[in-house]
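For reference, the structure discussed in these notes is given below.
Naming: A, B, ... by sequence-line order, numbering from 1 per chain. Note that the structure is a prediction, hence the values are computed from the model and not measured.
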Amino acid sequence: MKPSIPKGTRDFSPIEMVKRNYIFDTIRDVFKKFGFLPIETPSMENSATLMGKYGEEGDKLIFKILNSGDFLKEADQELLANKDSKRVTSSISEKALKYDLTVPFARYVVMHQNEITFPFKRYQIQPVWRADRPQKGRYREFYQCDADVIGSNSLLNEVELIMLIDEVFTKLGVKVKILFNNRKILSGIAEEIGAPDKFHDLVYSLDVNDKLGAFGVSQEMTKRDFSIEQIEKVDDYIRKVNNKAPESFRSFSELFKNSANGQRGFEELNSVMNNFGQYDFNGVLSQENKIKLFNKLEIDISLARGLEYYTGAIFEVKVEDDRSSFTSSICGGGRYDDLTGIFGLPNMSGVGISFGADRIYDVLEEANLFPKDAEATTKLLIVDYANDIPLALSILKQVHDANISAELYPDETKKFAKQMDYAEARRIPFVVILSKSNSNEVELKDIRSGKRETISLSELVDFIK
RNA sequence: GUGAUUGUAGCUCAGUUGGUUAGAGCGCCUGAUUGUGGUUCAGGAGGUCGCGGGUUCGAGCCCCGUCUUUCACCCCA
């Protein structure tokens with residue numbers, strides 16, 4: 001049979017793994033620095049844990065796992081006879097692959113609440129699965145790197161997460177734009193125009209602001225049967241936000257006369273943004289005391305995010321780098337006030353962000369931002385050693401003891417040319433040709449320059465280092 | 001989920017309006033040559049043309065189905 005792997009999944013070669021690990025290590029280091037602690041959860045969860053948390057679209061993208069044994073006997077025979085796939089699923093599948101790391105985390109918090117010290121800061125780097133159709137930057141199995149703080153209402157957590165995002169992308173060398181919004185503003189607008197029941201239609205309409213501007217939003221709202229007064233009111237909001245001037249944004253709050261939700265959303269947004277040097281809405285803090293970010297931080301009122309559980313802050317990060325054409329978001333997150341409530345632990349607000357490692361990989365690859373030394377693993381190869389294997393092994397031991405990665409060519413019977421090809425293919429920078437060496441001096445070749453020289457064994461370690 | 005797109009040797013690709021034993025470059029293997037792998041020369045292995053069905057005297061080229069690739073929409077990391 002011809003070997004293959006499922007659609008949307010990938011194998012990773014050693015070269016790719018070294019680069020992937022570079023991303024994971026960078027993100028993990030920043031997570032640790034900010035005080036987050038690691039956990040892991042299983043690949044699969046009970047379907048009931050996952051279903052209903054991601055909205056209608058999200059639920060459809062959850063991979064279900066078939067029950068074991070004679071599952072058709074256990075199934076609802078009537079639904080089975082009617083070939084009602086959608087409804088019969090729940091009777092033949094009780095488990096599912098996890099769709100993100102946030103919901104399993106909420107489940108974890110509830111199950112381990114007695115052992116956790118709150119506020120709890122955890123990070124988690126694991127694969128998740130989505131039954132999406134693959135395309136650019138979209139895979140069916142991909143890694144998320146999450147950091148969440150749960151059990152704290154403080155908006156300083158939002159501030160810290162923005163600092164964390166800025167630091168990660170600064171370390172990776174990618175220029176990005178951090179978009180920030182608050183879901184309360186969105187529901188505030190819905191309330192203000194008297195259409196809280198059309199929240200989703202409003203969000204979808206606002207979404208086109210990004211591409212088509214205020215006029216596009218009006219058009220979209222017309223399509224979705226909003227009244228002229230409603231459209232005009234929203235248009236007012238949009239224009240105030242699209243105009244990036246602080247005084248324009250300040251006047252924004254005056255628009256929420258009838259919505260406490262909207263007013264609060266504005267205050268939350270304001271109090272977070274005010275910590276950063278790029279914004280100065282009310283001029284309270286002097287510029288010197290504000291945090292300077294390497295990347296851009298912007299308010300984007302159209303930012304809604306599909307995940308249903310967000311209730312406050314919403315983050316999204318997009319690449320803004322000439323060297324990359326990547327347009328989809330590479331990091332996102334937000335605040336969820338009651339994710340644990342459904343599992344029986346109310347009043348536990350959390351906020352977190354999720355880095356899309358695979359998309360970040362694509363960006364770094366496209367923009368050529370991987371450090372070059374990320375490719376070399378072994379520093380030294382010993383070749384042509386068949387005549388004196390004990391000497392070869394003793395040199396190997398000495399180099400290893402100096403904490404340098406080195407190896408023997410794995411087959412002493414192969415031709416010299418083969419052994420040199422191996423060094424080149426593996427990008428090993430140095431080769432010791434043992435047939436021309438003795439217990440005092442070794443013949444060392446630098447593969448990149450092609451130069452050979454004889455140096456003493458004691459110098460070897462320092463030379464390679 | 002909707003609409004396109006791709007699939008020929010290990011890799012990158014040719015293959016004309018359907019017509020005899022399906023090609024190239026690189027790579028790989030063998031031998032020779034070369035004062036020290038990387039040069040040059042000679043030879044060689046390797047493909048049921050994604051899979052299944054159909055049309056035809058005859059299909060890599062046409063039709064249907066299916067899987068896969070890539071992309072847009074939707075949604076999202």
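With the nearest nucleotide of RNA chain B identified for both A/Lys436 and A/Glu57, A/Lys436 has the one nearer the 5' end.
Taking a cutoff of 4.0 Å between a charged side-chain nitrogen and a carboxylate oxygen, A/Glu45 and A/Arg107 qualify as a salt bridge.
The cationic atom of A/Arg130 (NZ for Lys, CZ for Arg) lies less than 6.0 Å from the six-membered ring centre of A/Tyr99 and within 45° of the ring axis. With a 6.0 Å cutoff to the six-membered ring centre and a 45° limit on the axis angle, A/Lys121 counts as a cation-pi contact of A/Phe36. Judged by a 6.0 Å distance limit and a 45° cone about the ring axis, A/Lys198 is positioned over the six-membered ring of A/Phe226.
Among the protein residues, A/Gly137 comes within range of the nucleic acid bases, having at least one heavy atom under 4.0 Å from a base atom. Residue A/Tyr139 is classed as a base contact, given a heavy-atom separation below 4.0 Å to a base.
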What pairs of nitrogen or oxygen atoms, one from the protein and one from nucleotides 39-43 of chain B, lie under 3.5 Å apart?
none

Contact list (N/O, under 3.5 angstrom) for nucleotides 27-31 of chain B vs protein:
from  : atom 1 : to       : atom 2 : distance (Å)
B/C29 : OP1    : A/Lys418 : NZ     : 2.5

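Helical stems of RNA chain B (runs of at least 3 Watson-Crick or G-U pairs, donor-acceptor distances under 3.5 Å) are listed by first residue: B:1-4 with B:70-73, B:10-13 with B:23-26, B:28-32 with B:40-44, B:50-54 with B:62-66.
With no hydrogens or angles considered, a side-chain donor-acceptor pair links A/Arg335 and A/Ser349 at under 3.5 Å. Between the side chains of A/Tyr361 and A/Glu366, no donor-acceptor pair is found at a separation under 3.5 Å.
Within the 4.0 Å cut-off from OP1 or OP2 of B/U70, not a single side-chain nitrogen or oxygen of A/Gln135 is found. The side chain of A/Tyr204 places an N or O atom within less than 4.0 Å of a non-bridging phosphate oxygen (OP1 or OP2) of B/C75. Remark: A/Lys7 is in phosphate contact with B/U68, judged by side-chain N or O atoms under 4.0 Å from OP1 or OP2.
Distance from the side chain of A/Arg138 is smallest to B/C74 among B/C71, B/C74, B/G37.
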